[in-house]
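Structure first, then comments.
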Number of protein chains: 2
Amino acid sequence: MIDLMSRYDPSAFPPFAVTVDLVVLTVREHELCALLVRRGEPPFQGYWALPGGFVRPDEGLGEAASRELAEETGLRAHTSGGQIAVGAHLEQLATYGHPQRDPRMRVVSVAHLALAPDLPTPKPGGDARGARWAPVRELLGPAEADREPLAFDHALILADGVERARSKIEYSALATAFCPEEFTVGELRRVYEAVWGVALDPRNFHRKVTGTPGFLVPSGGTTTRQGGRPAQLFAAGGATVLNPPMLRPES
Amino acid sequence: MIDLMSRYDPSAFPPFAVTVDLVVLTVREHELCALLVRRGEPPFQGYWALPGGFVRPDEGLGEAASRELAEETGLRAHTSGGQIAVGAHLEQLATYGHPQRDPRMRVVSVAHLALAPDLPTPKPGGDARGARWAPVRELLGPAEADREPLAFDHALILADGVERARSKIEYSALATAFCPEEFTVGELRRVYEAVWGVALDPRNFHRKVTGTPGFLVPSGGTTTRQGGRPAQLFAAGGATVLNPPMLRPES
DNA sequence: CGTGTTTATCGTCAAAGAGACGACTATGAT
DNA sequence: ATCATAGTCGTCTCTTTGACGATAAACACG
C-alpha cells in the first residue's frame with residue numbers, strides 16, 4: 001500500500017485533500033452548545049470554525065475524527081459499547097465536497113458528530129488557538145445575515161449536525177451521551193429540553209423513560225444536587241434504539 | 001480555483017482519490033433489488049460491484065453521484081421536489097475510507113443511495129460492462145462465507161444502504177420513490193412488504209396511508225392492473241415526513 | 001419549628017393510534 | 001353462475017400519549 005502510494009501518478013486521478021471536521025455538542029446550563037476554535041491563519045483567519053484537520057495517509061476516517069476529538073477535548077470516543085471514564089459518542093455525519101468550499105484547493109471534508117457530557121473545563125483545549133463552547137441558538141438562531149459567520153461551510157455542517165442530534169435522540173438512547181455516567185431522570189429530561197428547545201412534562205417523561213426496557217438501569221444511589229426531593233440515580237442501559245420513539249412535541 | 005489547483009504541492013497534504021459509489025435500489029417482482037456492474041479490470045476483475053467512479057475536479061459530490069446514476073441507468077436524480085418523467089430519489093449515504101479498502105491507492109468513497117421505480121429495461125446499462133439487478137436477499141441474506149463476494153467493501157456499503165432504506169421508509173414518504181408516478185395503495189403496500197420482507201395487513205395499511213395528510217393525493221383514475229377490484233390511483237403527495245411513523249412490525 | 005419552594009414520583013382519565021379481523025364490493029377467470 | 005382476487009369500509013380491543021391532580025422528600029427562610 002505504501003509502496004503503491006509512492007508510485008502514485010497525479011495524472012491518473014484528480015488529487016483531493018481529505019479532512020475531518022467535528023461537530024462536538026454538549027449541554028451546558030440548559031443550552032445546547034457546539035465547540036468552536038478560532039482560526040489562526042488564512043483563509044478565514046480570525047473566524048470561528050469547527051475543529052478538524054487532515055486525514056493522515058495511514059489512518060481511517062473514524063480514527064482521524066477520534067484523534068482530532070482527543071486533541072481538542074481530551075475525550076476518548078467510542079461508537080458504541082466500550083465505556084471509558086471520559087467518553088463521547090462519535091458517528092459520521094456527512095461529507096461536504098463542493099468544489100469551491102476551500103479557496104486553496106479541492107478539499108473533501110468528512111464531518112463527524114460527537115455528543116459529549118458537559119466538560120469541567122470551561123474553555124476546552126490545550127491547543128494554542130482559542131476555543132469556546134458557543135450556544136447553537138446564537139449560531140443558528142438569528143437570520144443568516146445577522147449572525148457571526150463561521151469559516152468555510154461550517155455553518156451548514158453545524159446545522160446538519162444539530163438536526164441529526166435533535167432527530168436521533170427521538171428514536172435512540174443517545175441522549176444519555178450528554179449525561180455523566182450517573183444521572184437522574186430530571187437531568188436527562190433537561191437534556192431533551194435543551195436539545196429540542198421545548199419544555200416537557202416531568203411526569204410523562206418519567207413514565208416514558210423508566211418504562212422503556214433497557215434505556216435506564218438504576219445504579220442504586222440517589223442525589224439531591226438539583227435541589228428538591230432526592231432523585232434516583234441511573235446509568236445508561238444497553239438499549240440503543242427506543243421503540244416506540246420519544247416524539248418531539250408540537251409536530 | 002483551477003489556477004490554485006495547478007499550484008498544488010503534493011507534500012503539503014496527503015493526496016487521496018475520491019470516488020462516488022451508488023447503492024441503487026428498486027423493487028422488482030416483490031423483491032428488493034440492487035444494481036450491480038461487473039468489473040472489467042483489476043482489482044477484483046470479474047467481481048460484481050456497485051456502480052461508481054471518480055469525482056471530477058470541478059464537480060460536487062452530489063453532481064458526481066447524479067452523473068454516475070444517469071450513466072448507469074438513464075435516471076435523472078432529484079433530491080426532493082422537482083418531478084421528472086423518469087426520476088429517482090438520491091441522497092448521500094456515508095463515506096468509506098479505510099486505508100486498505102483499495103489495494104491500488106488511498107481511495108475515499110462517498111456512497112450515495114438511490115431509490116428508483118422498477119425500470120422497464122431488464123438489464124440496465126448502455127455500458128459495455130455487464131449489469132444486473134440482484135435481489136438483496138441473495139446478496140446479504142446468506143452467511144458471509146456462503147454468498148458471492150462483492151468487490152472492495154461494497155457488501156458493507158450495500159448493507160448500510162439497505163438498512164438506510166428500510167428505516168427511512170418508516171418515518172418518511174420515500175417509499176413512493178419506488179413506485180411509478182401513479183400507483184395504488186396495494187402497490188405501495190407491496191413496496192413496504194418487499195423492502196421490509198414482511199407481510200402487512202392490507203386494511204390497516206390502507207387506513208394508515210390514506211389517513212396520513214399529504215402522503216398520497218388521489219389522481220382521479222382507477223386501475224385493475226393487479227387483478228381484482230379496480231383500485232384508486234394516487235400520486236405522491238407533498239409530505240416528506242410521516243408523523244406518526246409507519247412502524248415496522250415484530251419489533 | 002413551621003411554612004413555603006423546589007424537584008421527584010405515582011396515579012387517573014380521556015383521546016388517539018395500532019393490531020386483529022369481519023364484511024362487503026368490483027373486477028376477471030372458469 | 002360461481003369462484004378467486006384484490007380493494008375498501010367498519011368494528012373492537014389494547015396500548016400509548018398528553019393533560020394534570022396528588023403526594024413525597026429535600027432545602028430555605030422566618
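Sequence lines set the chain letters: A, B, ... in the order given, protein chains first and strands last, and positions in each chain run from 1. None of the values given here were measured: they were computed from a predicted structure.
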| said: Which label fits F205(B) and Y192(B): parallel for a plane angle under 30°, tilted from 30 to 60°, or perpendicular past 60°? | reply: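 Aromatic pair F205(B)/Y192(B) classed perpendicular.
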Determine: side-chain N/O of H206(B) to OP1/OP2 of dG7(D), distance under 4.0 Å, yes or no.
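The answer is no; no side-chain N or O of H206(B) sits under 4.0 Å from OP1 or OP2.
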Look at K208(A) and dT16(D) and indicate whether a side-chain polar atom (N or O) is within less than 4.0 Å of OP1 or OP2.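 For dT16(D), OP1/OP2 do not have a side-chain N/O of K208(A) under 4.0 Å.
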- Looking at R248(B) and E193(B), does any basic side-chain N land under 4.0 Å from a carboxylate oxygen?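 No, no charged N to carboxylate O under 4.0 Å.
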| task | For the pair R147(A) and E138(A), find out whether any cationic side-chain nitrogen is under 4.0 Å from an anionic carboxylate oxygen. | result |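 A salt bridge is absent here (no side-chain N lies under 4.0 Å from a carboxylate O).
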Taking atom [atom2] of [N] as reference, at what distance in whole Å does atom [atom1] of [X] sit?
{"X": "R248(A)", "N": "dT17(D)", "atom1": "CZ", "atom2": "C1'", "result": "18 Å"}
{"X": "L247(A)", "N": "dG18(D)", "atom1": "CG", "atom2": "P", "result": "7 Å"}
{"X": "F205(A)", "N": "dC10(C)", "atom1": "CZ", "atom2": "P", "result": "15 Å"}
{"X": "Y192(B)", "N": "dA18(C)", "atom1": "OH", "atom2": "P", "result": "12 Å"}
{"X": "L188(A)", "N": "dA8(C)", "atom1": "CG", "atom2": "C1'", "result": "14 Å"}
{"X": "N204(A)", "N": "dT15(D)", "atom1": "CG", "atom2": "P", "result": "18 Å"}
{"X": "E193(B)", "N": "dG7(D)", "atom1": "CD", "atom2": "C1'", "result": "14 Å"}
{"X": "D201(A)", "N": "dT9(C)", "atom1": "CG", "atom2": "P", "result": "14 Å"}

For the side chain of T222(B) and the backbone of P230(B), is there at least one donor-acceptor N/O pair under 3.5 Å apart?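 Checked: no pair found.
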### Query
Taking the side chain of Q226(A) as heavy atoms from C-beta outward, which of dA6(D), dG28(C), dA8(C) is closest to it?
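Within the option list, the nearest is dA8(C).
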With the side chain of P244(B) defined as its heavy atoms from C-beta on, choose the nearest nucleotide among dG18(D), dG17(C), dA8(C).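 Of the options given, the side chain of P244(B) lies nearest dG17(C).
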NA contact type, R189(A), heavy-atom cut-off 4.0 Å: base, sugar-phosphate, or nothing?
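Contact class for R189(A): sugar-phosphate only.
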What is the nucleic acid contact for R190(A), judged by heavy atoms within less than 4.0 Å: base, sugar-phosphate only, or nothing?
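Sugar-phosphate contact only - R190(A) comes under 4.0 Å of backbone atoms but never of a base.
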Comparing R207(A) and R229(A) on DNA chain D - which has the more 5′ nearest nucleotide =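 Looking at the nearest nucleotide for each, R207(A) comes out on the 5' side.
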> Between R132(B) and W48(B), is NZ or CZ placed under 6.0 angstrom from the six-membered ring centre and within 45° of the ring axis?
Replying inline: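 Yes.
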**Asked** Can you find a donor-acceptor N/O pair under 3.5 angstrom joining the side chain of R203(B) to the base of dG10(D)?
**Response**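 When only heavy-atom distances are counted, R203(B) does not reach the base of dG10(D) through any donor-acceptor pair under 3.5 Å.
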